[in-house]
Amino acid sequence: MVRGKTEMKLIENATSRQVTFSKRRNGLLKKAFELSVLCDAEVAVIVFSPRGKLYEFSSTSMEKTIDRYRRHAKSGINNNEVTQQWKFEAASMSRKIESLEVSKRKLLGENLESCSAEELHEIEGKIEQSLCHVRGKKNQLLEEQIATLKEQEQTLMEENALLREKCKLQSQLRPAAAPEETVPCCQDGENMEVETELYIGWPGRGRTNCRSQG
């Protein structure tokens, strides 16, 4: 005899419903036991009858299995919340980056076709404000450079003054030069006579002696 397919709906007859409950409950508990033994799985089954009677099966301890389930469920909820938070923050950051890119392009004078007069006026004000900041920073840097150059100039002037003082002291401490020796001259215009001899002829032969007097 071929068994027909059971229709999934509430059994109207109370007696038939109780019989079906008992059979399927026992089959469920049996399957749970077989699953725990064959697959070394931790299994727990809790069933309440229509009258509120409790039927349960646990391969280890019902309390330990329930605690384990609660920890796992709580961890899963926390992980899900963290994941959702990350997704939200990532989407928010992406929108901010996109908005900043649009503002930057407008400040550079790009993509202004869709801007209204008020938006253009606002962009102009931002650009002028930025220019004021840039000029102020530039003037500050120039003033700092000028102050640094003045300090360097003052330092160089002081060093030059010290060098001049050193040169002055060295010139004062230098010994006086010795007087130059002079050749005495004849007094009263007297002339000194110098007698020289001049020989004319070949060496060893007779030669003419010429004497001259200065």
same_hphob_cluster(F33, V47) at 4.5 Å side-chain heavy-atom cutoff: yes
Rounded distance [0.5 Å steps], NZ in K166 versus CD in Q170: 8.5 Å
Backbone N/O of R95 and side chain of S99: donor-acceptor pair under 3.5 Å: no
Approximate separation, where rounding is to 0.5 Å, of L142 CG and Q145 CD: 5.5 Å
Residue D40 excluded, over 12 heavy atoms near CG under 6.0 Å: no
Residue pair R17 / E12: nearest heavy atoms and the distance that separates them: NH1-O, 3.4 Å
Under 3.5 Å donor-acceptor, T148 side chain and E144 backbone: yes
Shortest non-hydrogen separation from Y55 to F21 and the atoms involved: CE1-CE2, 3.9 Å
Over all atoms of both residues, closest heavy-atom pair of S59 and A41: OG-O, 3.6 Å
Approximate separation, where rounding is to 0.5 Å, of K64 NZ and S58 OG: 10.0 Å
Residue pair L169 / Q172, side-chain heavy-atom distance below 4.5 Å: yes
More than 12 heavy atoms from other groups under 6.0 Å of CD on E89: yes
Same apolar cluster (I L V M F W Y, side chains within < 4.5 Å links), L162/L173: no
S92 side chain to F88 backbone, donor-acceptor under 3.5 Å: no
E158 atom CD, over 12 foreign heavy atoms within 6.0 Å: yes
Full working for salt bridge (charged side-chain N to carboxylate O under 4.0 Å, His left out) between K104 and E101: CA-CA 5 Å; K104 184 185 76 173; E101 288 291 335; 3.6 Å; yes
Main-chain N/O of E110 paired to R105 side chain as donor or acceptor, under 3.5 Å: no
Pair N26-K30, side-chain contact (heavy atoms from CB on, under 4.5 Å): steps then yes or no: CA-CA 6 Å; N26 293 333; K30 181 181 178 182; over 6 Å; no
Within one Ile-Leu-Val-Met-Phe-Trp-Tyr cluster: M62 and V43, side-chain cutoff 4.5 Å: no
Path from L28 to F57 over hydrophobic side-chain contacts below 4.5 Å: yes
Distance, nearest 0.5 Å, that separates CG of L131 from NZ of K138: 10.0 Å
Test log, rule salt bridge (charged side-chain N to carboxylate O under 4.0 Å, His left out), inputs R68 and E42: CA-CA 10 Å; R68 183 178 179 183; E42 184 177 354; 2.3 Å; yes
CD on E56 to OG1 on T65, rounded to 0.5 Å: 10.0 Å
hydrophobic_cluster_shared for M93 and W86, side chain cutoff 4.5 Å: no
Side chain Q154, main chain E151, donor-acceptor under 3.5 Å: no
Straight-line distance of K106 NZ to E122 CD, nearest 0.5 Å: 9.0 Å
